[in-house]
Amino acid sequence: MSPGPASPSLALKVPPPVVALVFAAVMWVLSRLVVTAQTSVPNRTVLVIGLVLIGVLFGFSAMGAFLRARTTMNPTKPETTSSLVTRGVFRITRNPMYVSLVFYLAAWCVYLSNWVDPLLLPVFVLYIDRYQIKPEERALMERYGPEFAAYKARVRRWL
C-alpha cells in the first residue's frame with residue numbers, strides 16, 4: 001500500500017513500542033535536566049504499579065484477541081491483517097495496545113516524579129494518532145470498508 005499524498009513520511013515506519021521507548025528516554029533526560037521540577041508523588045509506588053497493571057490489562061488483552069483471531073499484530077503492516085478484531089477489549093477502544101503504551105508512559109512519569117514529563121504524554125498521543133493510527137485506519141477502511149466504518153462509529157479511537 002503506498003502512503004498517498006496526504007500521508008506523512010513517517011507513517012507506519014517506526015513501531016509504536018520503539019516510539020514509546022524514545023519518549024521514555026526523553027522523559028528520563030528531562031527529569032535529570034530540569035531538577036527544579038522534581039516533585040513528591042503520594043503513594044508513588046502504588047500508583048506506578050496500578051498504571052502498569054492497567055497497561056498490561058489493555059495490552060495483553062489486545063494481543064490475546066489478535067492471537068485468537070489469527071491475525072497480524074505488526075503495526076507497520078496493517079494491510080496484512082486477515083480479520084477485523086472487534087471483540088473483547090476492542091469494544092472499549094479501537095487501539096488498546098496504544099492505550100497500554102500511554103499507561104506505561106504515565107507510570108514512568110509518576111516514577112520519575114517530575115512535573116515536566118507528563119507534558120510529553122499528549123505529544124506521544126498526537127504522534128501515534130497521526131503517524132500510526134490514521135494510516136492504519138486508512139488501510140483497514142480499504143480492506144474492510146463498511147464493516148470498519150460501522151466499528152469506527154461504535155468504538156472510540158482512544159478511550
Side-chain angles (χ1 to χ4, degrees), residues 1-28 30 46-112 116-159:
M1 176 178 95
S2 72
S7 296
S9 62
L10 289 175
L12 304 173
K13 298 280 193 279
V14 183
V18 172
V19 174
L21 287 172
V22 168
F23 271 79
V26 170
M27 289 172 174
W28 181 81
L30 279 175
V46 172
L47 190 53
V48 167
I49 291 170
L51 290 167
V52 167
L53 288 176
I54 293 169
V56 166
L57 181 66
F58 274 98
F60 281 89
S61 294
M63 287 188 278
F66 275 124
L67 290 172
R68 282 188 297 282
R70 295 188 173 138
T71 192
T72 185
M73 279 186 255
N74 186 344
T76 62
K77 299 194 183 294
E79 70 279 0
T80 63
T81 183
S82 61
S83 66
L84 182 61
V85 180
T86 61
R87 295 178 168 250
V89 72
F90 286 91
R91 290 181 181 176
I92 300 168
T93 172
R94 296 194 313 259
N95 298 287
M97 290 185 195
Y98 305 144
V99 168
S100 74
L101 293 176
V102 173
F103 276 103
Y104 297 146
L105 287 173
W108 184 234
C109 287
V110 172
Y111 176 78
L112 293 172
V116 172
D117 292 328
L119 299 175
L120 290 177
L121 289 175
V123 177
F124 174 79
V125 169
L126 289 171
Y127 179 93
I128 291 297
D129 199 62
R130 179 172 181 187
Y131 294 107
Q132 191 63 44
I133 294 173
K134 287 182 181 175
E136 280 180 12
E137 288 183 345
R138 281 192 297 273
L140 293 172
M141 187 62 83
E142 285 176 18
R143 186 155 183 110
Y144 298 105
E147 183 184 2
F148 182 69
Y151 175 61
K152 262 178 73 168
R154 275 192 326 272
V155 180
R156 291 176 183 227
R157 180 178 283 159
W158 288 94
L159 284 176

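Given the structure is predicted, the values throughout are model-derived calculations rather than measurements.
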Which label fits Phe148 and Tyr151: parallel for a plane angle under 30°, tilted from 30 to 60°, or perpendicular past 60°? tilted

*When the ring planes of Phe23 and Phe124 are compared, do they come out parallel, tilted or perpendicular, using 30° and 60° as the limits?*
perpendicular

Minimum heavy-atom separation for [X] to [Y], with atom names?
X	Y	value
Ala20	Leu101	CB-CD2, 4.1 Å
Arg157	Asn95	O-ND2, 2.8 Å
Ser100	Gly59	CB-N, 3.6 Å
Arg91	Thr86	CG-O, 3.3 Å
Val85	Ala69	CG2-CB, 3.7 Å

Residues passing the side chain to side chain donor-acceptor pair (under 3.5 Å) test with Thr93, sequence neighbours excluded, are none

[X] versus [Y]: any side-chain heavy-atom pair under 4.5 Å?
X	Y	result
Trp108	Asp117	no
Tyr111	Val52	no
Leu12	Gln132	yes
Leu47	Leu51	yes
Val102	Ile128	no
Arg138	Lys134	yes
Val56	Tyr104	yes

- Task: Check the pair Arg154 / Arg94 against side-chain contact (heavy atoms from CB on, under 4.5 Å), numbers first and verdict last.
- Result: CA-CA 10 Å; Arg154 275 192 326 272; Arg94 296 194 313 259; over 6 Å; no

Query raised in the report: Checking side-chain contact (heavy atoms from CB on, under 4.5 Å) for the pair Leu140/Lys152: CA distance, chi angles, key distance, verdict?
Result: CA-CA 10 Å; Leu140 293 172; Lys152 262 178 73 168; over 6 Å; no

For Lys77, the side-chain contact (heavy atoms from CB on, under 4.5 Å) test, sequence neighbours excluded, returns Asn74, Glu79, Thr80

| What do the steps show when you test Arg87 against Arg68 for side-chain contact (heavy atoms from CB on, under 4.5 Å), and what is the final call? | CA-CA 10 Å; Arg87 295 178 168 250; Arg68 282 188 297 282; over 6 Å; no

Any sub-3.5 Å donor-acceptor pair from Tyr144's side-chain atoms to Ser83's backbone N or O? yes

Rounded to the nearest 0.5 angstrom, the OG-CZ distance for Ser82 and Arg70 is 10.0 Å

Rounded to the nearest 0.5 Å, the CG atom of Leu121 sits from the CZ atom of Phe103 at a distance of 10.5 Å

Sub-6.0 Å ring centroid separation between Phe66 and Phe90
yes

Tell me whether Arg156 at atom CZ has more than 12 heavy atoms from other residues, nucleotides or ligands lying less than 6.0 Å away. no

